[in-house]
Amino acid sequence: MATELLMPKLGLTMTEGTIDEWKKKVGEPVAKGEIIYSVATDKLTNDVEADVDGILLAIAVPEGETVPCKTVVGWVGAAGEAVPSAAAAPAETKAATESSPAAAVQTDAAAGKTARPVGQYVPATPYAKKLAREKGIDLAAIPATGYRGVVVSRDVEGFVPAAATAAGAAAVKASPLAEKVAADLGIDLADVKAAHGRVLAEDLLRYIAATREKADGETADAREEVKAMSGMRKAIAKNMQNSHMTSPTVTFNLGIDMTEMKHYREQLKAKEIKVSYTDLLVKFVAKALTEFPLLNCSVQNNKIIYKHYVNMGVAVALDNGLVVPNIVDADKKSLTEISAEVKEMARLAREGKLPPEKLSGGTFTITNLGMYGIESFSPIINQPEVAILGVNTMEDKVVVRNGEICIRPIMNLSLTADHRVVDGSVAAQFLQRVKSLMENPALILA
């Protein structure tokens with residue numbers, strides 16, 4: 001019996017996923033433990049391995065489609081093994097659509113798919129519903145090829161109303177050869193100008209040549225390109241907009257003299273303890289948070305939830321977005337433990353192998369743009385947290401110390417706080433405490 005491939009549930013908060021890429025094509029062999037497809041969630045992209053050996057018999061959910069967790073996305077089994085009838089339709093229909101839109105319509109008709117009564121509830125993916133609304137098409141009229149009768153985006157994109165098809169066929173006269181070529185290439189004969197009363201094969205050839213020339217010109221002169229957002233980018237956009245709408249924020253900036261911190265780091269390096277400034281910030285900020293619990297809380301239903309632990313989120317930039325893995329109980333870990341975990345989390349994030357549990361449960365976030373020379377910015381809070389610390393570049397500046405002009409390495413910190421619970425005075429005191437700790441590293445032991 002064929003083995004079902006399911007949309008995995010990668011964490012407690014995951015409810016749906018998007019097929020990012022199929023690593024195998026229908027008919028190709030699959031080995032147990034081999035990556036067969038990748039899934040994009042609102043956090044990151046994960047590779048899914050096959051549980052059994054066999055052949056990829058059918059794909060039920062194509063690339064780019066979003067479906068709920070535990071939905072069947074494909075089947076693996078022995079060559080020639082039967083799969084549910086709904087499974088074969090997507091792969092067959094997709095192939096037909098790629099070669100000819102007209103053929104896709106014929107495939108639906110031949111398969112005996114009947115339209116539902118207009119107005120009846122139709123199971124469909126969110127993207128398919130959006131496309132149908134934009135095109136003004138009733139979902140009930142669209143033959144479904146998705147698993148268990150779900151209308152997917154390809155169904156909407158390839159749908160041609162029967163009335164329009166019949167009217168077009170009746171209005172255009174063409175030779176049998178022209179009709180066959182037009183059907184094979186997916187060309188609407190109504191768009192072809194006939195030189196002798198009815199459309200002939202040579203009319204089609206002129207139309208195809210003119211269309212290609214126009215397409216080449218448009219490609220050469222194109223000044224804009226439209227690309228769909230990836231699953232991660234859509235999730236980031238949604239989360240950032242939600243944060244902006246949820247929290248009334250204020251950003252506070254403060255410069256820190258890093259002279260002593262640089263000496264402290266050099267002393268550690270001399271003992272072969274290599275740590276980054278981000279590692280040091282995690283350690284020192286975690287200590288400050290234990291003294292200012294309002295910066296480490298969350299808000300829910302007009303209630304303040306105080307956290308007696310510090311799960312420090314450290315933003316990691318990826319090629320296609322951003323993730324924030326958490327250092328759990330950062331306030332209880334040593335500097336070397338923090339450093340090792342930060343490096344490991346960053347590596348796993350860039351390889352797409354972060355455990356889902358590392359991406360939830362954070363209480364405070366640090367995001368560092370110092371390596372890009374940024375002097376000040378307003379980071380957006382990672383909900384449901386109430387504050388986030390932005391780290392800026394460190395540069396030598398002329399300052400006055402003990403009545404003398406000198407040059408010191410100054411690093412600016414940018415704290416964005418949720419003004420619903422964090423007043424300006426509390427935010428300022430917190431930043432002053434971080435400044436005091438980092439300008440006097442020995443205080444970390446106090």
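Numbers here simply count residues along the sequence, with the first being 1. Model, not experiment: these values are computed from the prediction.
For the residue pair T416 and P379, the shortest heavy atom distance occurs at OG1-O, 2.9 Å. Listed here is the closest heavy atom pair of N368 and M371: O-SD, 3.4 Å. Between S243 and I381, the shortest heavy-atom distance links the atoms OG-O, 2.7 Å. Nearest heavy atoms, A286 versus V310: O-CG2, 4.0 Å. Listed here is the closest heavy atom pair of A78 and L57: O-CD2, 3.3 Å. For the residue pair P293 and Y306, the shortest heavy atom distance occurs at CB-CD2, 4.0 Å.
Annotation for D51: atom CG does not count as buried by contact number, only 12 or fewer foreign heavy atoms lying within 6.0 Å. At most 12 heavy atoms of other shown residues, nucleotides or ligands fall within 6.0 angstrom of atom CD in Q241.
Inter-residue side-chain proximity for L389 and L431 is flagged as met; some heavy-atom pair is nearer than 4.5 Å. With a 4.5 Å cut-off on side-chain heavy atoms, S175 and R198 count as touching. The shortest side-chain heavy-atom distance between L5 and V76 falls under the 4.5 Å cut-off. Side-chain contact between V299 and V386 is present, with at least one heavy-atom pair separated by less than 4.5 Å. Within the 4.5 Å cutoff, no side-chain heavy atoms of V275 are placed close to those of I338. Side-chain atoms of L268 and L335, non-hydrogen and from C-beta on, do get closer than 4.5 Å to each other. Looking only at side-chain heavy atoms (C-beta outward), R420 and T246 come within less than 4.5 Å of each other. Side-chain contact between P355 and L348 is present, with heavy atoms from C-beta onward closer than 4.5 Å.
For the atom pair CG of N392 and OG of S376, the computed distance is 5.5 Å after rounding to the nearest 0.5 Å. From K23, atom NZ reaches atom CD of E49 across 12.0 Å, with rounding to the nearest 0.5 Å. We find the OG1-NZ distance between T18 and K234 to be 5.5 Å, quoted to the nearest 0.5 Å. Of the inter-residue distances, the one linking R350 atom CZ with M345 atom CE reads 12.5 Å to the nearest 0.5 angstrom. With rounding to the nearest 0.5 angstrom, the CD1 atom of I374 is 11.5 Å from the CG atom of N412. Separating the CE atom in M438 from the CG atom in L413 is a distance of 7.0 Å, to the nearest 0.5 Å.
Below 30°, between 30° and 60°, or above 60°: for Y37 and W22 the angle between ring planes is between 30° and 60°, a tilted geometry.
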Task: Working for side-chain hydrogen bond (donor to acceptor under 3.5 Å, both in side chains), residues E385 and T365 - done: CA-CA 8 Å; E385 299 165 16; T365 297; 2.8 Å; yes
- [ ] Begin with the C-alpha distance, continue with both residues' side-chain angles, and end with the deciding distance and a verdict on side chain to side chain contact (heavy atoms under 4.5 Å, CB included) for I388 and I380.
- [x] CA-CA 7 Å; I388 181 172; I380 298 178; over 6 Å; no
TODO: Using the side chain to side chain contact (heavy atoms under 4.5 Å, CB included) rule, take I19 and M7 through it: C-alpha gap first, then chi angles, then the decisive distance, then the call.
DONE: CA-CA 8 Å; I19 297 295; M7 174 61 68; 3.8 Å; yes
TODO: Check step by step if side chain to side chain contact (heavy atoms under 4.5 Å, CB included) holds for K358 and V328.
DONE: CA-CA 8 Å; K358 285 292 186 179; V328 178; 4.3 Å; yes
Open item on the list: If you apply the rule side chain to side chain contact (heavy atoms under 4.5 Å, CB included), what do you find for N239 with Q383, and how did you get there?
Closed with: CA-CA 8 Å; N239 292 340; Q383 297 292 333; over 6 Å; no
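Applying the salt bridge (charged side-chain N to carboxylate O under 4.0 Å, His left out) criterion to K32, with sequence neighbours excluded, gives no partner residue. Take K70 and apply the salt bridge (charged side-chain N to carboxylate O under 4.0 Å, His left out) test, not counting sequence neighbours, and it matches no residue. For the salt bridge (charged side-chain N to carboxylate O under 4.0 Å, His left out) test, no residue two or more places apart in sequence or in another chain qualifies with E81.
Without hydrogens or angle criteria, K9 side chain to P68 main chain gives no donor-acceptor distance under 3.5 Å. In this structure, D20 contributes its side chain and V39 its backbone to no donor-acceptor pair below 3.5 Å.
Checked by atom type, the side-chain pair T336/S334 shows a donor-acceptor distance below 3.5 Å. Defined by atom type and a distance below 3.5 Å, a donor-acceptor pair is present between the side-chain atoms of N296 and T363. With no hydrogens or angles considered, no side-chain donor-acceptor pair links D47 and S38 at under 3.5 Å.
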